[in-house]
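Data block below; observations after.
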Amino acid sequence: MKIIMVVDDNEDLGRIVKRILDKEGYETIIALNGDECFNKLKEVKPDLILLDIMMPGTPVVELTQKIQDIKIAYLSAVKISQSDKENMMQQKNIIDFISKPFEREELIAKIKELVGD
Amino acid sequence: MTKISIFYNLFEKPTTLLIIPSQDYNQIISEIPRQLSNKKICYITLNKTYNALKETFNEHPEINTENIVIIDAITKSIGKVENKEDCYFITSPQALTELSIVISEFLNYEIDYVILDSLTTLLIYQKAEEPVIKFLSNIVHKIKTSGAKGIFYVINIKDHKLLIEESSMIMDNILNLEEEKIEWS
């Protein structure tokens, strides 16, 4: 079973994403911030981290520098340009950028594309 | 209220809290700099990168981007930054002290308007209203002392009741576009 970690300070969003992905047969772990993410990574290595770009606490650029061996897809309501995206995805394990708000089907299709069934 | 009287209230009062319906937000962020194209603007972006904001402005030839300097609180928190002549990149939207200092420095350069986009985003990072209100009070004082004017965007009002109540004691003007029903086209 593929493991997805959702790192987002919005608890409701985390719960919704977990419900969607659990139904699709993924194991979903929720972390509410960068510190919680690091703590959970000591115990489990997910196949993909869905990382909210706008969270209180440690800036995401510091988080991603410390996570080099797990695929990361950003979740974001921040408006960024194409050149910003290219800049952010220079780190080889940062593989995608999912804009909020997203639809259930869109999320499932994206996760399947990124990690498989 | 007509579009003209809305802009009169918005541009003539020293400081305004502008409550924007979410569906009008994209229209507003280009309309206001367009209306102020002959003024020097310090635009503080907390939810768009410098590049994304410039792309938005460049879609509107009436916006005079040469008169706009930007304080970007996003780009540095998500990736590498290239120095720009018209932008100062602060560490993150949480860095209110840094933001306050940079605004003070910009106000030394004959800025006519400071636009803060948006208080809604500040609340996402700060979680509580109190630090945002304290920051706001400080910034409003600096703007007024300098002789500039300030426009502070906030969206999604039902989540920000306390902020709006507290702001009404700090600001000279509260303009709720939700109640104005403006035709933007």
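Keep in mind the model is a prediction, meaning the values are calculated, not measured. So that the names make sense, note that chain A is the first sequence line, chain B the second, and so on, each numbered from 1. Reckoned from all heavy atoms, side chains included, excluding hydrogens, waters and symmetry mates.
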- Task: Inspect the surroundings of CD in B:Q23 and state if more than 12 heavy atoms from other residues, nucleotides or ligands are less than 6.0 Å away.
- Result: yes
- Query: Should we count CD of B:E82 as having more than 12 external heavy atoms under 6.0 Å?
  - Reply: no
- Which portion of A:Q82 sits near chain B, non-hydrogen atoms under 4.5 angstrom: backbone
- Note on the structure: The interface call for B:K76 against chain A, heavy-atom contacts under 4.5 Å, is backbone
- Pairwise distance NZ(A:K79) to CG(B:N26) - rounded to 0.5 angstrom: 6.0 Å
- Task: Following the transitive rule for hydrophobic clusters with a side-chain heavy-atom cut-off under 4.5 Å over Ile, Leu, Val, Met, Phe, Trp and Tyr, establish whether B:L122 and B:I103 coincide in one cluster.
- Result: yes
- Item | Single-linkage hydrophobic cluster, 4.5 Å side-chain cutoff, A:L114 and A:L41 together | no
- Distance in Å, B:K54 NZ paired with A:S83 OG, rounded so as to fall on 0.5 Å steps: 12.5 Å
- Message: Less than 4.5 Å to any heavy atom of chain A: does that hold for the side chain of B:I78, its backbone, both, or neither?
- Response: both
- Note on the structure: Smallest heavy-atom separation, B:S77 atom then A:P59 atom, equals O-CB, 3.9 Å
- In this structure, CG of A:D9 is separated from CD1 of B:I124 (nearest 0.5 Å) by 8.0 Å
- Taking atom NZ of A:K85 and atom CG of B:N51, what is their separation to the nearest 0.5 Å? 13.0 Å
- With a cut-off of 6.0 Å (strictly less than), are more than 12 heavy atoms of other residues, nucleotides or ligands near NZ of A:K100? yes
- Would A:V6 end up clustered with A:I3 when hydrophobic side chains under 4.5 Å apart are linked, directly or stepwise? no
- More than 12 non-hydrogen atoms from neighbouring residues, nucleotides or ligands closer than 6.0 Å to CD on A:E103, yes or no? no
- Item | Between A:V78, A:N87, A:D84, the one whose heavy-atom pairs under 4.5 Å with chain B are most numerous | A:D84
